[in-house]
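Here's the structure we're looking at; comments come further down.
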There are 2 protein chains.
Amino acid sequence: MKTTIKDIAEKANVSFATVSRALNNHPRISSATKEKITKIADELNYKPNFNARSLVKKETKIIGLVLPEIQGDFFTEVIKGIDQVAHSGGYHVIVASSHSERSIAESIMSFMGESMVDGVILMIPAISDQLKEIIGVSGSTPVVIINGNHEIEDFDIVYIDNFQGAYSIIDYIIKNYNYTKIAHIKGPLKNNDALERFEGFKAALQDNGLELPDEWIINGDFNIKGGEIACSRLLSLRNKPEVIFAGNDMMAAGCYRAIKTYGLSIPGDIGVVGFDHTFLSELISPPLTTVHIPIFEVGKKAASLLLEKLKNKDHQPNQIKISTGIILGESCRKKLVGKSA
Amino acid sequence: MKTTIKDIAEKANVSFATVSRALNNHPRISSATKEKITKIADELNYKPNFNARSLVKKETKIIGLVLPEIQGDFFTEVIKGIDQVAHSGGYHVIVASSHSERSIAESIMSFMGESMVDGVILMIPAISDQLKEIIGVSGSTPVVIINGNHEIEDFDIVYIDNFQGAYSIIDYIIKNYNYTKIAHIKGPLKNNDALERFEGFKAALQDNGLELPDEWIINGDFNIKGGEIACSRLLSLRNKPEVIFAGNDMMAAGCYRAIKTYGLSIPGDIGVVGFDHTFLSELISPPLTTVHIPIFEVGKKAASLLLEKLKNKDHQPNQIKISTGIILGESCRKKLVGKSA
DNA sequence: GGAATTAATGCAAACGCTTGCACTAAGATA
DNA sequence: TATCTTAGTGCAAGCGTTTGCATTAATTCC
């Protein structure tokens, strides 16, 4: 039988209300009784009942995290970031991974519905209208979204500045390495991150006055195999690009494979640029030139935002931009002498 | 204001007990009223209150997952496995990652204590006596451990057969590739997985009548840098090994780096064997010969075991062994003609 | 020294739900 | 027709807390 405050009350000869107050550091409790009660609670190995408390306080101190299907260590870092902030705020984190759009919606619903969580962090590659509706309607449970799209003004969202990331690195390699023929392997069609990267890429080319033949834009899937296939297509073109900008590191790794298969060398014969700066990018050789995303930071920011939202009921939707950085590996040409960014 | 069963009761002109029964498919409710109530509940967008239910039913339908600090995609897969089983059993999964031994203990305590979870899955590299005590004492909350050590008979545990995994692959490369000089880079000292792999390795050498000079056993840390450093030491030995068995893939990748730095080739000059069959092992080149661990399976088994335990109160501690497999990459010598396993 | 303040504690309701028991109105049985 | 089942509901207690209000005892003030 678990010990309750009543057990303690009995043993301490006080009402159980007093016990509750003593254990919660209520000011109007004499230090003598507080001490006594704490001691007895300790002896009886008392642990407060989470559900009873939640029931009356109308909060659970749990935040729900809905994750998409992601490969790699994205997950880990995000969770860590969220966990750190959540924990220091006295919250626990519930995780639900979801594999399809439908089950995502369901997860959220079940989370938000049963008043099991105080808030939800929703990490999701694309935001469907259906989802918007769910989030909008159930106005009750606060939601923070982690996504590549910042143009959703009604929601709280932490987004990675994919556009700037792509723009910067492409601009950099053009200015510093004098690349002029750059191809791109896109991510999944409906993926906002993928979309923004593509836009940033195009903008950089345009601003530098470079051409972009259609055949240099290939659809990929953010997976290694997709990168490999896409790269093969590029390599078999008559008008080959000089460097390939893969939508993420995974596909960049796929490029490495394809290039190796073709008996070509990186960056001698062809350059490769990635995006994400995952663990992987430093492992493959040559080390990949890629865009760094502070994933841990993303998790922390999302959690902070949610906690903020939980405190201030009349909090206004907030869009937090996470900036990226350039990681210079060795998968591009040597820097031109006398020219710099 | 969230709708409660009382709201529904009022609207349906029945007692709220009837509502509760109707919504929980109690047999003694006329299908007419059941239908009526379900309809109203739907209209009012009713969602049961998780805490109230948990309070009276004395169960939360949540299982806690305590994770250590791990790099790579171990996490992801385990969570997925656990989540799948848990979900289909009507449970949610709470995650707490922990960074030090102390905070692991604390996480568990806070989980198990506040009757926030029905059970805990504890993934942990080493089991200290302190931890054993915590788990033992608080007999109330069921715990399942994921660990490399099966010799803890009092607990429910899912363990990876590291010994056999190491033994098999070492035995294989000896018999098939005729290696005779094999070095090993160990994992962290107190890590049970690391320990078992080392034992399996030694046993395989012994059974094949091979020598193992002390200088061929290097301490590592399961990280890439550690692997690189350890490998460098091996490469600078006068009596160099022909193949290096790294305690995990990460360190194997470190070996790749060191070997490259020394201007040597794999497997021409020296072979490398890993353990884990992480994503990474297929990425580096040449693809790594390594030991496969069905991580997803581990998660599923752990969750199943826990659910089983939650059902049967008088369930006996169970040790579940997860077997490994050999993945033949290209980081070892060519197979000898006319000789086979 | 009596009134007013303050400190410390108790009382009891409430949170939203489940469930054993009691109750009613049928239909079944004798 | 009187009794017995049985299906369908309602009553009310209880789960373990928190917390506003009431109460008492101690202290302070004039």
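Chain letters run A, B, ... following the sequence lines, proteins first, then strands; residues in each count from 1. Quick caveat, the model's predicted, so the values are computed rather than measured.
Residue A:F50 is out of contact with every strand shown, counting any heavy-atom pair closer than 4.0 Å.
A:R53 contributes atom CZ, which lies 13.0 Å from atom CG of B:L55 (distance to the nearest 0.5 angstrom). Atom CD1 of B:I145 sits about 11.5 Å away from atom CG of B:L306, to the nearest 0.5 Å. Here CG of B:N51 is found 10.5 Å from CD of A:E59. Values are rounded to the nearest 0.5 Å. Atoms NZ and CD1, on B:K11 and B:I8 in that order, are 10.0 Å from each other to the nearest 0.5 Å. The CZ atom of B:F155 sits 5.0 Å away from the CD1 atom of B:I135 when rounded to the nearest 0.5 Å. Taken to the nearest 0.5 Å, the CD1 atom of B:I157 stands 9.5 Å off from the CD1 atom of B:I146.
OP1 or OP2 of D:dT18 has at least one side-chain nitrogen or oxygen of A:N24 nearer than 4.0 Å. Between B:S20 and the phosphate of C:dT18, there is a side-chain N or O to OP1/OP2 separation shorter than 4.0 Å.
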Sub-3.5 Å pairs of nitrogen or oxygen atoms, protein against nucleotides 20-27 of chain C:
unit_1	atom_1	unit_2	atom_2	d
C:dG20	O6	B:R21	NH2	2.4

Nucleotides 22-25 of chain D: which of its N/O atoms have a protein N/O under 3.5 Å away?
none

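Across the protein-nucleic acid pair, A:M116 atom CE and C:dG16 atom P stand 17 Å apart, rounded to whole Å. With rounding to whole Å, A:N51 atom CG is found 13 Å from C:dT18 atom P. For A:R53 and D:dT19, the CZ to P distance is 9 Å, given to the nearest whole Å. Following rounding to the nearest Å, B:I37 (CD1) and D:dG8 (C1') show an atom-to-atom distance of 11 Å. Residue B:K2 contributes atom NZ, which lies 11 Å from atom P of C:dC17 at whole-angstrom precision. One interatomic measurement links the two molecules: CG of A:L23 to P of D:dT19, which rounds to 13 Å at whole-angstrom precision. As rounded to whole Å, 16 Å separates atom P of C:dC15 from atom CD of A:E59. B:L55 has its CG atom 14 Å from the P atom of C:dC15, to the nearest Å.
At a cut-off of 3.5 Å, with distance as the only test, no side-chain donor of A:S323 or A:D161 sits close to an acceptor on the other residue.
Counting heavy-atom neighbours within 6.0 Å of B:K301 NZ, excluding the residue itself, gives a total of 12 or less.
Between B:I37 and B:A12, the closest heavy-atom pair is CG1-CB, 4.3 Å. Residues B:K2 and B:D7 come closest through the heavy atom pair O-OD2, 3.8 Å. Among all heavy-atom pairs drawn from B:I63 and B:Y91, the shortest one is CG2-CD2, 3.5 Å. In this structure, B:Q316 and B:D156 approach most closely via the heavy-atom pair O-OD1, 4.0 Å.
For the segment residues 27-34 of chain B, no residue has any heavy atom less than 4.0 angstrom from an atom of DNA chain C. Across residues 3-16 of chain B, B:N13, B:V14, B:S15 each have a non-hydrogen atom less than 4.0 Å from an atom of DNA chain D (numbered order).
When the C1' atoms of four end pairs are superposed on the next four at each end of the helix from C:dG1-D:dC30 to C:dA30-D:dT1, using five pairs per end, the two resulting axes differ in direction by 50°, to 10°.
Of the possible donor and acceptor atoms, one in the side chain of A:N191 sits under 3.5 Å from a partner among the backbone N and O of A:D193.
Evaluation of the salt bridge (charged side-chain N to carboxylate O under 4.0 Å, His left out) rule for A:E43 yields A:K39 as partners, not counting sequence neighbours.
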For side-chain contact (heavy atoms from CB on, under 4.5 Å), just list the numbers for B:L67 and B:I79, CA-CA rounded to whole Å, side-chain angles, deciding distance to a tenth of an Å, and then say yes or no. CA-CA 10 Å; B:L67 298 167; B:I79 295 182; 4.2 Å; yes
* Mind running salt bridge (charged side-chain N to carboxylate O under 4.0 Å, His left out) on A:K80 and A:E77 for me, showing each step along the way? => CA-CA 5 Å; A:K80 276 188 199 162; A:E77 285 298 306; 3.6 Å; yes
- Task: Begin with the C-alpha distance, continue with both residues' side-chain angles, and end with the deciding distance and a verdict on side-chain contact (heavy atoms from CB on, under 4.5 Å) for A:L305 and A:I320.
- Result: CA-CA 9 Å; A:L305 185 52; A:I320 296 183; 4.0 Å; yes
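Across C:dG16, D:dG10, D:dT17, the shortest atom-to-atom separation from the side chain of A:K58 is found for C:dG16.
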